Amino acid sequence: MQPLPNMRFAPDLLTSQVALVTGGGTGMGRATAIEMARCGADVVVLGRRAEPIEDCAKIIRELGRKAVAISTDIRLPDQIDSAMLRIKDEFGRLDILVNNAGGQFVTPARELNNKGFETVIRNNLIGSWQMTKAVADHFMLEHGGSIVFVTACVRSGLSGFVHTAAARGGVLAMMKTLAFEWAEFGIRLNCVAPGTIKTEGMDHYPIDPEQWLKLNRNVMGHMGDVGDISAAIIFLSSSLGKFVTGEEWYIDGGETLHLAHDARQMIDAVKFSRREPAVLKK
Ligand SMILES: CCCCCCC/C=C/C(=O)SCCNC(=O)CCNC(=O)[C@H](O)C(C)(C)COP(=O)(O)OP(=O)(O)OC[C@H]1O[C@@H](n2cnc3c(N)ncnc32)[C@H](O)[C@@H]1OP(=O)(O)O
Ligand SMILES: NC(=O)C1=CN([C@@H]2O[C@H](COP(=O)(O)OP(=O)(O)OC[C@H]3O[C@@H](n4cnc5c(N)ncnc54)[C@H](OP(=O)(O)O)[C@@H]3O)[C@@H](O)[C@H]2O)C=CC1
């Protein structure tokens with residue numbers, strides 16, 4: 001388990017709010033669920049495996065908040081419906097949804113078959129849609145709320161991950177569309193796109209994270225931690241972000257800065273042209 005950040009937000013920031021965090025038993029989801037509880041929220045922790053979500057719910061109860069762990073696969077509508085009924089029963093409302101559950105595998109596109117592509121689309125796009133629609137139908141179209149999707153930095157694609165790039169790009173377009181359509185119901189929706197974050201999820205990848213950092217040219221030279229992401233999620237889902245909707249927030253240590261012009265090359269170009277100001281003025 002990754003170390004949790006110290007208390008950083010006001011302890012009453014989320015008082016009387018109920019939050020649901022998918023994939024809340026591990027990694028960024030766990031950090032978000034616990035930090036939200038420290039801010040006064042009651043929390044529903046959702047994931048497939050019982051043990052991690054129960055552990056997280058136990059920590060939250062020890063903090064004095066109400067917490068329920070619900071074992072659910074976000075790909076299965078029947079399980080989602082049961083989860084909604086349980087939440088209605090236990091809490092009567094739901095104010096915040098963090099669509100964090102997800103995952104994929106690394107593969108060159110030429111090796112990927114249709115089943116593998118569909119598997120990742122179902123887990124990361126369809127699963128998030130199903131959770132979002134269910135939460136809206138059962139709670140938020142009635143009383144408003146805030147939804148944050150945890151996606152990935154796929155603005156320029158993500159080589160080795162064509163399936164997840166397609167899924168996360170789909171989530172972004174879906175989020176922006178719903179932000180427009182559901183504003184009248186008092187629902188805000190935003191995306192947080194993590195760069196390379198140290199979590200147990202990284203153990204699934206046969207790539208040395210340090211090597212990955214060099215390859216993707218993260219300008220900070222180290223991975224992010226779970227608290228870097230939970231801080232952004234809490235900002236967006238709480239009253240701190242009450243004027244923010246339809247936004248995508250890259251939290252990536254500058255990983256995507258290399259998409260901009262390389263300043264060193266620009267400086268060299270200026271040096272060469274300095275003797276030719278007339279050319280520059282044209
Ligand atoms: C160090 C740098 C890493 C860069 C990271 C980039 C940014 C992202 C980081 C993260 O997201 S970190 C944490 C997130 N957690 C995970 O990613 C979890 C790891 N993945 C999984 O748990 C699973 O792969 C899955 C995506 C959830 C799918 O599991 P599921 O049980 O639903 O499917 P399967 O029955 O296993 O497979 C179905 C189907 O999919 C294809 N497939 C599955 N795994 C692979 C694989 N490793 N390689 C190629 N293809 C795969 C395949 O078609 C499977 O069908 P069958 O062949 O089994 O019939
Ligand atoms: N770490 C990183 O650098 C990056 C991570 N991300 C994304 O951030 C999110 C959190 O990842 P991270 O904390 O790193 O990794 P983790 O693997 O720790 O978290 C993923 C969580 O999602 C749950 N989950 C996965 N599939 C399902 C499903 N079908 N139904 C319900 N729960 C599911 C898992 O629990 P269980 O298996 O018990 O269901 C697990 O708790 C993921 O969407 C990930 O892809 C994006 C970019 C970078």
Side-chain angles (χ1 to χ4, degrees), residues 1-2 20-33 44-56 69-77 79-80 83 98-131 148-155 157-165 167-168 171 191-216 218 222-230 232-233 249-253 255-256:
M1 292 291 170
Q2 300 304 313
L20 162 57
V21 183
T22 69
T26 62
M28 297 180 240
R30 175 177 177 270
T32 302
V44 181
V45 189
L46 187 146
R48 288 168 300 183
R49 286 166 297 152
E51 199 186 324
I53 55 174
E54 291 291 356
D55 282 354
C56 181
I70 308 181
S71 185
T72 304
D73 187 326
I74 60 166
R75 295 170 294 189
L76 303 177
Q79 292 192 8
I80 294 174
V98 183
N99 271 312
N100 162 77
Q104 59 285 308
F105 48 86
V106 61
T107 177
R110 65 177 182 279
E111 302 288 338
L112 180 64
N113 61 26
N114 292 343
K115 184 178 179 190
F117 187 84
E118 190 181 327
T119 296
V120 174
I121 296 289
R122 273 167 53 71
N123 211 28
N124 297 283
L125 175 57
I126 297 178
S128 291
W129 158 251
Q130 292 180 163
M131 286 303 302
V148 176
F149 299 86
V150 179
T151 54
C153 300
V154 301
R155 196 178 283 158
L158 193 61
S159 63
F161 297 92
V162 66
H163 40 26
T164 221
R168 313 300 182 139
V171 169
C191 285
V192 168
T196 308
I197 311 296
K198 198 172 171 54
T199 68
E200 38 276 65
M202 277 296 176
D203 300 342
H204 293 277
Y205 294 90
I207 308 166
D208 171 10
E210 298 306 323
Q211 178 70 7
W212 173 263
L213 285 178
K214 282 190 193 129
L215 292 175
N216 75 8
N218 165 326
H222 61 82
M223 280 191 270
D225 60 50
V226 290
D228 294 324
I229 304 304
S230 61
I233 295 172
W249 194 353
Y250 271 40
I251 311 285
D252 69 349
E255 186 173 308
T256 43

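Here the structure is a predicted model, which is why all the values come from computation and not from measurement. Order of appearance sets the numbers: ligands from 1, and atoms from 1 within every ligand. FYI, the numbering just counts along the sequence from 1.
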Between Asp73 and Ile80, which heavy-atom pair has the shortest distance, and what is it?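 For Asp73 and Ile80, the tightest heavy-atom pair comes out as O-CG1, 4.2 Å.
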Measure the distances from the heavy atoms of [X] to every atom of ligand 2 and state whether one is below 4.0 angstrom.
{"X": "Gly224", "result": "no"}
{"X": "Thr151", "result": "yes"}
{"X": "Ile53", "result": "no"}
{"X": "Pro194", "result": "yes"}

May I ask you to list the atoms of ligand 2 that are less than 4.0 angstrom from any heavy atom of [X]?
{"X": "Met202", "value": "1 (N), 2 (C), 3 (O)"}
{"X": "Gly27", "value": "13 (O), 18 (O)"}
{"X": "Val150", "value": "8 (O), 9 (C)"}
{"X": "Thr72", "value": "30 (N), 31 (C)"}
{"X": "Asn123", "value": "26 (N), 27 (C), 28 (C), 29 (N)"}
{"X": "Thr196", "value": "3 (O)"}

Does ligand 1 have a heavy atom under 4.0 Å from the side chain of [X], from its backbone, from both, or from neither?
{"X": "His204", "answer": "side chain"}
{"X": "Thr119", "answer": "side chain"}
{"X": "Asn123", "answer": "side chain"}

Scan the side chains in residues 107-120 for donor-acceptor partners under 3.5 Å anywhere in the protein, sequence neighbours excluded, and list what turns up.
from, atom 1, to, atom 2, distance (Å)
Asn113, OD1, Lys115, N, 3.3
Asn113, OD1, Gly116, N, 2.8
Thr119, OG1, Lys115, O, 2.7

For ligand 2 and [X], I'd like to know whether there is a polar contact (N/O to N/O, distance under 3.5 Å).
{"X": "Thr199", "answer": "yes"}
{"X": "Met28", "answer": "yes"}
{"X": "Gly195", "answer": "yes"}

Measure from the side-chain N and O atoms of Thr22 to the backbone N and O of Ala101, and report whether any donor-acceptor pair falls under 3.5 Å. yes
Which residue and atom name correspond to the protein heavy atom nearest atom 58 (O) of ligand 1, and how close is it?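 Here the nearest protein heavy atom works out to Lys115 NZ, 4.5 Å.
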Would you mind listing which atoms of ligand 1 come within a distance below 4.0 Å of any non-hydrogen atom of Gly116?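 In order of numbering, the contacting atoms are 40 (O), 41 (C), 53 (O).
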Short list, please: which atoms of ligand 1 are under 4.0 Å from a heavy atom of Asn113? 53 (O)
Which is it for Arg168 and ligand 2 at heavy atoms under 4.0 Å: side chain, backbone, both or neither?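 Just the side chain.
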Thr22 and ligand 2 - part of the residue with a heavy-atom distance under 4.0 Å: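 The answer is neither; Thr22 stays 4.0 Å or more away.
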Any side-chain donor near an acceptor of the partner, Arg168 and Thr164, under 3.5 Å: yes
Touching ligand 1 at all, Arg75? Heavy atoms, strictly under 4.0 Å? yes
